[in-house]
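The figures that follow rest on heavy atoms only: side chains count, while hydrogens, waters and symmetry mates do not. We're numbering straight along the sequence, starting at 1. Numbering of ligands and ligand atoms starts at 1, following listing order. Being a predicted model, the structure only gives us computed values, none of them experimental.
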Amino acid sequence: MTMKLISVPSAPFSGQKPGTSGLRKKVTVFRQPRYLENFVQAIFDTLSGQQGKTLVLGGDGRFYNDVAIQTILRMAAAAGFGRVLVGRDGILSTPAASAVIRKWQAFGGIILSASHNPGGPDGDFGIKYNLSNGGPANEGFTDAVYQRTQEISAYHTVDAADIDLGRIGELHIGEMLVTIIDPVADYAELLESLFDFERIAALLARPDFRMRFDAMHAVNGPYAHEILERRLGAPAGTVVNGTPLPDFGGGHPDPNPVYAAELVAALADSRSGLSFGAASDGDGDRNMIVGRDFVVSPSDSLAVIAANYALIPGYASGLAGVARSMPTSCAVDRVARELGIPCYETPTGWKYFGSLLDAGKATICGEESAGTGSSHVREKDGLWAVLYWLNILAVRDTPADVIVREHWQRFGRNVYSRHDYEGIDTAAGDRLMNDLRARLPQLVGTLCNELRVAAADDFAYTDPVDGSLSERQGVRILLEDGSRVVFRLSGTGTEGATLRVYLERYVADASQHEVPTQEALAPLIGLAETVAQIAANTGRKGPDVIS
Ligand code: G1P
Ligand code: ZN
């Protein structure tokens, strides 16, 4: 069946520049006529060789997901794709999309998500292109897409009605085949190949072990129901907030102690009978791990995951290396040193891990922002991290908090925290960063709040595989005692600027490990204020979110 191609005249929108993870804007921005179409056309124009090939398409189910999917399907037909694999109801978690791209050797994929940002008509929306390796496109590609958005004069679509995405099966849009797939099946099969499901099932069946998984009304609900409750036999009710909602129930689907406070409180209350808690974000790639009255910091989680690789079937043969984003704590570096494997330090954003994973240089990667993952896909993976922890707990028969404390005893503790100043004035954020950059050379060697500055720079990264250079990735102030303060502006926000201040101090002495985090970091918090004049620059007395 041939179908009428339609070219719709268009003109560029300003600001269609992908950030840390694709293009993120308010739904109200995306709903402007031609806005989404322009960006999708720019992606398709930047590709070459897609004729007859397979595209994977899905999203986290947030508001506007359904409309955008239909638009993109028609445009994919016009762009000459031979087939689109789309999740039922337009649903695919970010890691599941990556798994599907890889399993079916697709040409690439489009993921509709704004991750952990709120959804709904006044919330956020986002769109991201992933390459055939299953990972986010690199900066070279996203820069080219942005260039293209600035010169676009038309988009191309076909004359076709919306299709019913509610049932698994196949249909056509013109000559393009649309295969509606079970969004969970391929992904669940992949996880089953990595972890000891029998052992985890035995743990979940124990009367003295009770777990809660909070899906935060986001995409991982169906994944967690299938994997935890059906395949692993966890009691019904283990998964809470398990139905994806277009506005995430009005919440902020970000698994941290602020937005997942209920889960943290339940684990802190001995009457709940819970021994282990976990959560994931809007699109299912972030995770939070909670023990009894104990939130595992994501940087520690990465280190524990690396240190316990030998217990996990999919990794027991050894890790090629590990990688962390620059602001992530150096806890995993210590594990790598002991294992005698390389540890790579990359800029923020999962896209930088892709080339290391593809080249077989790293097996496990992680970020302080609750992202952990491995070479099984090319995205961070929330449920993967949860199963990895469950597998560790099942083998070691030790509570999560004790596992972390024992880890600190062995490696020392990298006390760590991130302070976020959200929604500050964009110009104020830029001014703060520019002032800081200008002062870096003078800072070295000086005594600041009684801490001596050993080095200060703006992080730059040369990819060891393809040699590409990424500059201005965050200002680092390194102290003589090994502590660090890092400053950077968020690249995922949709309104104003968010300043992130990352604080880290290494404490070897086990008798000091239980000192509360903010207290242990107080000298660094003071130094950050002195050096960056945060209050004067932003008008804020303190951070909005401490994680
Ligand atoms: C944030 C996190 C970063 C993560 C990204 C996408 O980016 O800090 O680690 O990769 O979200 O989930 P940022 O807003 O800091 O640019
Ligand atoms: Zn996410």
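- Side chain of Glu229 to main chain of Thr238: a donor-acceptor pair is present (N/O by atom type, distance under 3.5 Å, no hydrogens or angles).
- Counting only heavy atoms from C-beta outward, the side chains of Ile111 and Tyr129 never approach each other to under 4.5 Å.
- Around ligand 1, the residues contributing at least one heavy atom under 4.0 Å from the ligand are Thr20, Arg286, Thr348, Gly349, Glu367, Glu368, Ser369, Lys380, Arg418, Arg488, Ser490, Gly491, Thr492, Arg500.
- Within the 4.5 Å cutoff, the side chain of Arg540 has heavy atoms near those of the Ile424 side chain.
- Around the Zn ion (ligand 2), protein N, O or S atoms at less than 2.8 Å number 4.
- If you look at His252 and Phe248, their ring centroids are not closer than 6.0 Å.
- Residues in residues 297-307 take part in these side chain to side chain donor-acceptor pair (under 3.5 Å) pairs, two or more places apart or across chains: Asp300-Trp408, Ser301-Trp389.
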Would you tabulate the side-chain donor-acceptor contacts of residues 346-354 under 3.5 Å, counting partners in other chains and residues two or more places apart, or write 'none'?
| residue | atom | partner | partner atom | Å |
| --- | --- | --- | --- | --- |
| Thr346 | OG1 | Arg324 | O | 3.4 |
| Lys351 | NZ | Gly19 | O | 3.4 |
| Tyr352 | OH | Glu139 | OE2 | 2.7 |

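- Aromatic rings from Tyr502 and Phe487 are positioned such that their centres are separated by 6.0 Å or more.
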| task | Go through the steps for Asp435 and Arg437 under the test salt bridge (charged side-chain N to carboxylate O under 4.0 Å, His left out), then give the verdict. | result | CA-CA 5 Å; Asp435 287 356; Arg437 284 195 182 98; over 6 Å; no
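- For the pair Arg472 (side chain) and Phe459 (backbone), a donor-acceptor distance under 3.5 Å is absent.
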